[in-house]
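Notes to accompany the following structure.
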Amino acid sequence: MAQAEEVKHDQALPPYPEKATLEGKNKFLGFWFFLGGETVLFASLFGTYLGLRNGVADGPTSQELFHLDLVFYMTMILLTSSLTSVFAIINMKKGNYKGLLGWMWATVALGVAFLSFEIYEFWDYTVNYGLGFSTSAFASSFYTLVGTHGAHVLFGVLWISTLLIRYAKTGLTLTNAPKFYTASLYWHFIDVVWVFIFTVVYLMGV
Amino acid sequence: MDPHVSDPSAPLKGGPSKKTEKKLAKEARHQVVSFVFMIFLTSVAFLTVASDTIPNRFAIPFILLIAVVQVLMQLYYFMHLNDRGNGWNNIMLWTGIFVAIMTVPTLMLLIGVIKF
Amino acid sequence: MSQAYAKKSVLWDWLTTVDHKKIGILYLAAGGFFFALGGLEAMLMRIQLMFPELGFVSEQTFNELLTMHGTTMIFLAAMPLLFGFMNYIVPLQIGARDVAFPFLNSLGFWLFFFGGVLLNLSWFLGGAPDAGWTAYTPLSSAYSGTGIDYYVLGLQISGIGTLIAGINFLVTIINMRAPGMSMMRMPLFTWSSFVASALILFAFPALTVGLLLLMFERLFGATYFAVEMGGNVVIWQHLFWIFGHPEVYILILPAFGIFSEVLATFSKKRLFGYSAMVFATLIIGFLGFMVWAHHMFTVGIGPVANAIFAVATMAIAVPTGIKIFNWLFTMWGGRIQFTTANLFAIGFIPSFVMGGVTGIMLATSAANYQFHDTYFVVAHFHYVIIGGVVLGLFSGAFYWWPRMFGYKLNETLGKWFFWLFLFGFHLTFFVQHFVGLMGMPRRVASYLPGQGLDSLNLISTVGAFFMAFAFILFAVNVVVSVKNKSEADPWDGRTLEWGIPSPTPEYNFAQTPLVRELDPLWYEKMHGNGKLKAAEPLDDIHMPNGSILPIIMSFGLFVAAFGLIYLVHPVTIIGLLITLVCMFVRSIKEDHGYHIHKEDIQNEEGAG
Amino acid sequence: MKNLWRVLPFSLILLLLAGCGKQNLTALDPRGPVAEMQYSLIILSLLIMIFVIVVVAAIYIYVLIRFREKPGDNHIPKQVEGNKNLEIIWTAIPIVLLLILAVPNVMDTFTLAETEPDEDSLVIEVTGHQFWWEFEYPDLGITAGQDVYIPTDTRIIFDLEASDVIHSFWVPALAGKQDNVPGITNSLWLEAPEEGVYQGKCTELCGESHWLMDFKVIAVDPDTFEAWAQGMAEPEAELSEPTGDVAAEGREVYEENCLSCHAVGGEGGNPQGGPDLTNFAEREVIAGFIEWDAEDGDALENWIREPQDYKPGNNMPAFGHEAIDEDEMDSLLEYLDTLRVLDSE
Ligand code: HEA
Ligand code: HEA
Ligand code: CUA
Ligand SMILES: [Cu+2]
């Protein structure tokens, strides 16, 4: 049924270049499903954290640890990166490949900034507050939840950078359009998870 | 290479059709607006918690509600879940959310500490 | 472009294949091997339990056997065997040339395979896991040896493979259907594979997290399950069962699908109540996510929670009952042929109903306090698993064997196999209901004499020997029947997979078929010329290239797992690097596949 | 009326099942109200299930006989799509059957959860250890190992805990099980109307010797129970009052080697130790399962010398000849034989 849409090069861009080939369609759909699975993955981590957040043993409690200002900056950074990646996709659909690359690089930069804050935060908790990974069940589950999110950010940064370098010179094609598109979906998903992290972990924890 | 099979790695040329262009412009507007709104909501959530005057009993449901609104905006404005042809995506994502909604409270509550 | 025609060694071909049919066969081979292994472990357990206080194996070994038996059978035998059929048959049933992601398909297989190998290597490297297939904390987190590390990492690796396979099936079924093959014309096997894949998608992440936590706890000092550090041991049970209960439906639904195909084919009738069947499948899948705590009635989550989960569990009887009765009415008014494949399907109905109703008994929370963790539970789940899943696998094997291997299994041997297996199965497990209620807990390395348990256990072991013997007959059958060459459509089939030449061409369908009704082939037999209608003109066919990367990527994780188990960080890093570099190569190197030319297809079709 | 249709098959099955298994072990021969409640629920569900199986079997057999392919028959059956009314029937009937089961089940589930103690009930705290049981009577200030004595006709509430891994407390003839989970307290109640020794088992895989983690619930009349509790609190064979020369020597051996783990009469013991031995000589079996005979100390000596041979993985160290020589062992055995609180000789 799904037949590759014929694309004549002198004509207008396909409105959905990410879904113009069967491979693209498959990738698009499969990636969404993957995000459905990731939802359950993060739900499990959230649940574990919520179940254990009062298990502080002799270690510091969340009230002693969390600073809202830091989290606020991190949130703003990540939210903005969501916007830049949206701009990237708009540019892709407009056929502005340079714009796509530029906004994607901006997204990566913001991702790196976010990660730096997170690393600083973990370092701060470990060194200045004595919250090691093994300090308490709260500590373990906190680091696992937030760390898994951080690992997703890191992976996103690496993935998008790879795409950007690999396709720096090729221009938009039917093979790379789905890749950029799924990468941006992934990035939004990371942001969605963060919304719950800052709400459930930080805001409810101070 | 057979001529009738288009080469997927050939660069795409040209711009969007007029229709698409209009749609994109509108989309971009929506996205900027929702971005501003999201920033606003986030700030409200932080302020709610930062100001110690609002009792938890009210603050927690409120910030959770804000989170849900934000996430829906991400999903539908940024990730285009409401575009046509996204039926299956919606089904699978919402099933995931359904399982998540089952999972989180159980892990939080049904762990033997309190009996229900 | 010309790679396809270059002469490749057979071994290299199989190692690099991305053809769903070959991957299906790989799944069957590996799954069959693990089934024999799990069966062997079961036999050793049954021998140990033959007489009271028998010292055939030590307690420790027994615990390892029971853990490995359960784990192997569920993760490495039953599921992969089903995947074998799903891989081979589903694309054919929907009129597709391949799955949506051929490369990932191969990756999924190799991840499963290396995960399974890793798990089993524990036997030789310091002892197998010994905390039961459910690996309850804190026994698994703080009171067991390295075996559990193999469990954690082996299942993690093979679990990722399963998840990939699940997504692949979902997308394949949604996007790759032939023209006219609407969702409501899909054969039931495809439908049930679809729902099972969705269950995989949503159930496995919970296991992934559970295993991740257990790994951090054991290897890196995390304290989720350490009570003295504020941890809680029940969290693991939830994570395990949020996965674990849907898992049992992941097993049974494809088997249900197989029965639907087989019963319809051999009753010469259309499946009775097709839409009710589809609907019931969906409901079972959905309810499957709301009942997991029925494994935890005695854990102490409280009467309200217990009552809710009990009632929710019971509700599953309704859609399952719908299926049972629709099968019965599929046969009603039909012309029932007792082929071996159909014997297995017919034998399934009463066997599974017996297992299902004991499931409802177990779901009775107040009575579950008596049943739980006794042999009654063992009896229940072997009735549903063997009476459902395993009979389904064998039914599918006899049914699709000609399609997959081009020859028919011997029917006489097959019938002997069936009767011996069925008899042995009921003999083994029927008595276990009583053994359990009479006071025998499960997972006991032995039992004391004088408790009235001796003779029933002996009977049970005798039954197991019947099963083992029957299984050997099957192995013999596979070998001796090779000369039994089969025509393309030996059973007068109804669905697309029987409308193509045998052996199945590499590209499946020379021309994508046009589907005009449910049971398309049957429809063409009744209303057309008996041949599938084509939806497109004959043309070159695009095929994906094989790749060695999946096996290397899986091997990388395998290496990394050893690094983690023995905490040798360089090894971990090297292993992960192997995998990452392969991923990198894969995304950098665009691979557009090759084409099979029209003329070659014409030649082949003409010959076939 | 209700009785009429229930009693007949009920008693039939009862006949069938009674005599299944060892008395006071099997759940099929309940000896107390809780087990009885569970038993009748089992029977009710069994009846429903038999009904289901009979219905399925009837259609099944009919179909297989009537519609099997006869030689030479080549007709193409009518391709029936389905039947809405039938679908409704086989959706509705199971729902009704399930309701019949679900309602009493929910009621029983709540009844079984009523574990608040009242003034007449006796609370016993149970701790599961790898691989033995500890029973503390908080109101009486006594602790017992392996054998738990309860008065008949009294509501007993067991509060279940665990010191290492998860165990599960099951006395089939008296009540279904509940898990002993580290960090959590579960409760279970039961009553034993008749005196007797009821077999109990651990039903959660807890390590190598899980299968040997047996215990006994000993129901005695309230007066005897009173005497027992008294005896446990003030044992005759108190450490300070040896009853004979040899036993006195044995007591010294005991103090030296055993007391740190095994309390007697409220002295000694430690949380990582072993069962309280105050009434050890009254045990029917050692360590939950080893048949022995107080007169002939071989079994006991073997246990002390090589406990790992009996229960692999348990936490009692072996006492070889270097630690305790033959003579010391004899006196130790003699001493252990004096550890009684009820004059049951
Ligand atoms: C293929 C696998 C499979 C399947 C299909 C099922 C199906 C069911 N299972 Fe089973 N189960 C397992 C595999 C499976 N199970 C395993 C492996 C375990 C043990 C895990 C472990 O601890 O190691 C287990 C354990 C298990 C428990 C926990 C027991 C315990 O540990 O205490 C429970 C409790 O509720 C349960 C219930 C059910 C129910 C209600 C169904 C239902 O789906 C059954 C529905 C079917 C029918 C009811 C029959 C047909 C229906 C009709 C003919 C209609 C009319 C019927 C009625 C009105 C009753 N199962
Ligand atoms: C798909 C799932 C599946 C299957 C098919 C089986 C099949 C069998 N199981 Fe399985 N079983 C489980 C899943 C399964 N089991 C699970 C999940 C558990 C729980 C584990 C736990 O508690 O953690 C369990 C537990 C379990 C127990 C309880 C252990 C205990 O609690 O102490 C017992 C005891 O009788 C048992 C017996 C058997 C037998 C006799 C078979 C037979 O049907 C096997 C028949 C097959 C054969 C006999 C193969 C024949 C092969 C040969 C003869 C060797 C040839 C060898 C080569 C060619 C290499 N099983
Ligand atoms: Cu304690 Cu099993
Ligand atoms: Cu279940």
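Chain naming here is simple, since letters A, B, ... match the order of the sequence lines and numbering starts at 1 in each.
- Contacts between Ala363(C) and chain D at a heavy-atom distance below 4.5 Å involve the backbone alone (N, CA, C, O).
- Across all their heavy atoms, Leu41(D) and Ala367(C) have their closest contact at CD2-N, 3.9 Å.
- Within the 4.5 angstrom heavy-atom criterion, only side-chain atoms of Val353(C), from C-beta onward, approach chain D.
- Of the two parts of Phe371(C), the backbone and the side chain both hold a non-hydrogen atom closer than 4.5 Å to a non-hydrogen atom of chain D.
- Considering only heavy-atom pairs separated by less than 4.5 Å from chain C, the leading option among Gln199(D), Lys84(D), Gln130(D) is Gln130(D).
- Note on ring orientation: taking the six-membered ring where Trp is involved, the planes of Phe325(C) and Trp90(D) are parallel (angle under 30°, cut-offs 30° and 60°).
- Enclosure of atom CD in Glu284(D) is not indicated, since only 12 or fewer non-hydrogen atoms of other residues, nucleotides or ligands lie within 6.0 angstrom.
- The part of Phe329(C) that comes within reach of chain D is its side chain, from C-beta onward, which places non-hydrogen atoms under 4.5 angstrom from that chain.
- Your options are Ile48(D), Asp73(D), Thr91(D), and the one with the most heavy-atom pairs under 4.5 Å with chain C is Asp73(D).
- Heavy atoms closer than 4.5 Å to chain D are found nowhere in Ser140(C), neither backbone nor side chain.
- Panel note: side chain Lys269(C), backbone Gln79(D); no donor-acceptor pair is recorded below 3.5 Å.
- Here Gln38(D) is the residue among Met37(D), Gln38(D), Lys78(D), Met213(D) with the most heavy-atom pairs under 4.5 Å with chain C.
- Contacts between Tyr274(C) and chain D at a heavy-atom distance below 4.5 Å involve the backbone alone (N, CA, C, O).
- Of all residues spanning residues 181-188 of chain D, those with a heavy atom less than 4.5 Å away from chain C's heavy atoms are Val181(D), Pro182(D), Gly183(D), Ile184(D), Asn186(D), arranged by number.
- Ala307(C) and Phe110(D) get closest at one heavy-atom pair: CB-CE1, 4.1 Å.
- For Leu112(D), the part lying near chain C is the side chain, with the backbone staying farther off; criterion is any non-hydrogen pair under 4.5 Å.
- Proximity to chain D (any heavy atom under 4.5 Å) is restricted, for Met526(C), to the side chain, taken from C-beta onward.
- Residue contact with chain D, scored on non-hydrogen atoms closer than 4.5 Å, involves the side chain of Asn63(C) exclusively.
- Between the side chain of Tyr60(D) and the backbone N or O of Ile346(C) there is at least one donor-acceptor pair closer than 3.5 Å.
- Every residue two or more places apart in sequence or in another chain was checked for a ring pair (Phe, Tyr, Trp, His ring centres under 6.0 Å) with His75(D), and none qualifies.
- For Val435(C), no part lies under 4.5 angstrom from a heavy atom of chain D.
- Within the structure, the side chain to side chain donor-acceptor pair (under 3.5 Å) test picks out the following pairs touching residues 356-365 of chain C (sequence neighbours left out): Thr358(C)-His380(C), Ser365(C)-Asn105(D), Ser365(C)-Thr109(D).
- Between chain C and the options Ala175(D), Pro172(D), Pro77(D), Cys202(D), the largest number of non-hydrogen pairs under 4.5 Å is found for Pro77(D).
- Only the side chain of Trp522(C) has a heavy atom closer than 4.5 Å to any heavy atom of chain D.
- For the set Ile59(D), Val34(D), Thr111(D), the count of heavy-atom pairs under 4.5 angstrom toward chain C peaks at Ile59(D).
- Surrounding CD of Glu81(D) are at most 12 heavy atoms belonging to other residues, nucleotides or ligands under 6.0 Å away.
- At a 4.5 Å heavy-atom cutoff, Glu64(C) makes no contact with chain D through either its backbone or its side chain.
- Only the side chain of Val227(C) comes within contact range of chain D, with heavy atoms under 4.5 Å apart.
- Neither the backbone nor the side chain of Asp519(C) comes within contact range of chain D, judged by heavy atoms closer than 4.5 Å.
- Ranked by heavy-atom pairs under 4.5 Å with chain C, the list Ser168(D), Gly82(D), Ser45(D) is led by Gly82(D).
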side-chain contact (heavy atoms from CB on, under 4.5 Å) for Thr203(D) and His372(C)? Distances and angles first, verdict last.
CA-CA 8 Å; Thr203(D) 52; His372(C) 179 67; 5.6 Å; no
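- Pairs passing the salt bridge (Lys or Arg N to Asp or Glu O under 4.0 Å) check and including a residue from residues 311-337 of chain C, sequence neighbours excluded, read Arg335(C)-Glu69(D).
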